[in-house]
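Counting starts at 1 for both ligands and their atoms, in listed order.
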Amino acid sequence: MKKRVLTGIRPTGNLHLGHYFGTVQNWVNLQDEYDMYIEIADVQALTDNFDNPEKIRKNVNELTLDLLSVGLEPSKVTIFIQSMIPEIAELTIYYSNLVTMARLYRNPTVKTEIAQKKAIFGNNGESVTYGFVGYPVSQAADITCFKGECIPVGDDQLPLIEQTREIVRKFNSIYNFNMTEPNALTGKNSRIKGLDGNEKMGKSLGNAIYLVDDENTINKKIMSALTDTKKIKANDPANPEVCMVYYYHKLVNKDNLGTVCKECKSGSRGCVNCKKELINKMNEFLNPFREKRKYYENNMNEVYKIFQSGTNKAKNEASENIKEIKHAMKIDYYE
Ligand code: TRP
């Protein structure tokens, strides 16, 4: 039997190269080997977007189109919408007794995010909501509601998996149960830097290349990418290691990397030509995604069917599992 993979993603915007090389490419590789569930985490997205429901609604579709465009196949993966499975919310309530407030506040992911979101949660986090502080509990419900065994996530999510493991151990010991402790599956992939050289690619940083960017946008973005600032003239030798154009050549132009590097160092390659080559390679890389996306955009009914069948399957699974859980908690009264 294939092992169960459960992962989730918040529908807050389109996927960019950071998402792709950081996590989503890994999901595509796992889909043959594992029984894979992918949750569109709309409820979790609302924890810090509660006042912007249109944004989340719109991005459920956008994100799903992105996921299908990179080659996740509906015949292999179960894609479902979190809010359509009330069992997850129910389980969150049961688990909330097993976690202290102090432990949640100490969770490194939560702590960092509260500090980053001053605009919503106040300078010292004084306006942070109950729902936001508690989202690791709901993530534990996401995972265990479907008996997730392997959780493919980026490094930033490890404290959340650890929190889930603690909840599982506590649940098992109190209610004499045998829930599986999930393990994180971290790929070899790392974080992708932004066009400006920032360590992180992100929407709020304005330095991202999106999978949906058209040729014109790719052209503009790559033309303005950070290069070696010490290089003044086209034939000055430069250092590729401080150049973002070379950095992206490493992602999409592996075959010609040796030449790019050598010519950059020797000064025989001007930045404009180097950028043009990258633009071509980036477009070649994005073209298959664009084509798949176009197909699904023109066949939205198919996308809705994918949601429906994935969500139905997930719902059946969740309602079976929660029965056992409620039995263990002695809150199964009558059928
Ligand atoms: N917290 C994850 C993120 O922000 C998304 C997520 C929601 C998730 N539920 C999950 C990840 C369950 C793994 C398992 O990226």
Participant: Do Glu277 and Asn256 get their side chains close enough for a donor-acceptor pair, meaning under 3.5 Å?
Facilitator: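 A pair is found: one side chain offers a donor N or O, the other an acceptor, under 3.5 Å apart.
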
Participant: For the residue pair Asn287 and Arg290, confirm or rule out a side-chain donor-acceptor distance under 3.5 Å.
Facilitator: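 A donor-acceptor contact under 3.5 Å links the two side chains.
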
Participant: Can you name the atoms of ligand 1, numbered from 1 with element, that are less than 4.0 Å from a heavy atom of Ala41?
Facilitator: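 In order of number, 7 (C).
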
Participant: Gln157 heavy atoms, cut-off 4.0 Å: which ligand 1 atoms fall inside?
Facilitator: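 Ligand 1 atoms under the 4.0 Å threshold to Gln157: 1 (N), 2 (C), 3 (C), 4 (O), 15 (O).
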
Participant: Using a strict 4.0 Å cut-off to heavy atoms of Val153, name the atoms of ligand 1 that fall inside it.
Facilitator: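 Reading through ligand 1 atom by atom, the close ones are 11 (C), 13 (C).
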
Participant: At a 4.0 Å threshold, what atoms of ligand 1 neighbour a non-hydrogen atom of Gln44?
Facilitator: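 Checking each atom against Gln44, I get 1 (N), 2 (C), 4 (O), 5 (C), 6 (C), 7 (C), 9 (N).
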
Participant: What atoms of ligand 1 come closer than 4.0 angstrom to any heavy atom of Ile151?
Facilitator: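 Numbered from 1, ligand 1 contributes 13 (C), 14 (C).
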
Participant: Can Asp228 and Asn239 be counted as having a side-chain donor-acceptor contact under 3.5 angstrom?
Facilitator: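 Not at all, the side chains of Asp228 and Asn239 share no donor-acceptor pair under 3.5 Å.
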
Participant: Counting heavy atoms only, which part of Glu39 comes closer than 4.0 Å to ligand 1: side chain, backbone, both or neither?
Facilitator: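 Only the side chain of Glu39 comes within reach of ligand 1.
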
Participant: Going by distance alone, is a donor N or O of one side chain under 3.5 Å from an acceptor N or O of the other, for Asp214 and Thr217?
Facilitator: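 Per modelled atom types, Asp214 and Thr217 side chains form a pair under 3.5 Å.
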
Participant: Of the listed options (His19, Gln139, Arg10), which comes nearest to atom 4 (O) of ligand 1 when hydrogens are ignored and any heavy atom counts?
Facilitator: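 Going through His19, Gln139, Arg10 one by one, Arg10 has the nearest heavy atom to atom 4 (O) of ligand 1.
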
Participant: Does the side chain of Gln157 pick up a donor-acceptor pair with the side chain of Gln139 at under 3.5 Å?
Facilitator: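 Short answer, yes.
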
Participant: Does the ring center of Phe80 lie less than 6.0 Å from the ring center of Phe146?
Facilitator: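 Yes, the ring centres sit under 6.0 Å apart.
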
Participant: For residues Glu302 and Tyr295, is any side-chain donor paired with an opposing acceptor at under 3.5 Å?
Facilitator: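 Their side chains do contain a donor-acceptor pair, which is all the 3.5 Å distance test asks for.
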
Participant: Near Leu6, which atoms of ligand 1 are under 4.0 Å from a heavy atom of that residue?
Facilitator: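 So the atoms of ligand 1 that pass are 12 (C), 14 (C).
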
Participant: Looking at Asp142, which atoms of ligand 1 are within less than 4.0 Å of one of its heavy atoms?
Facilitator: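 Listed by number with element, the hits are 7 (C), 9 (N), 10 (C).
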
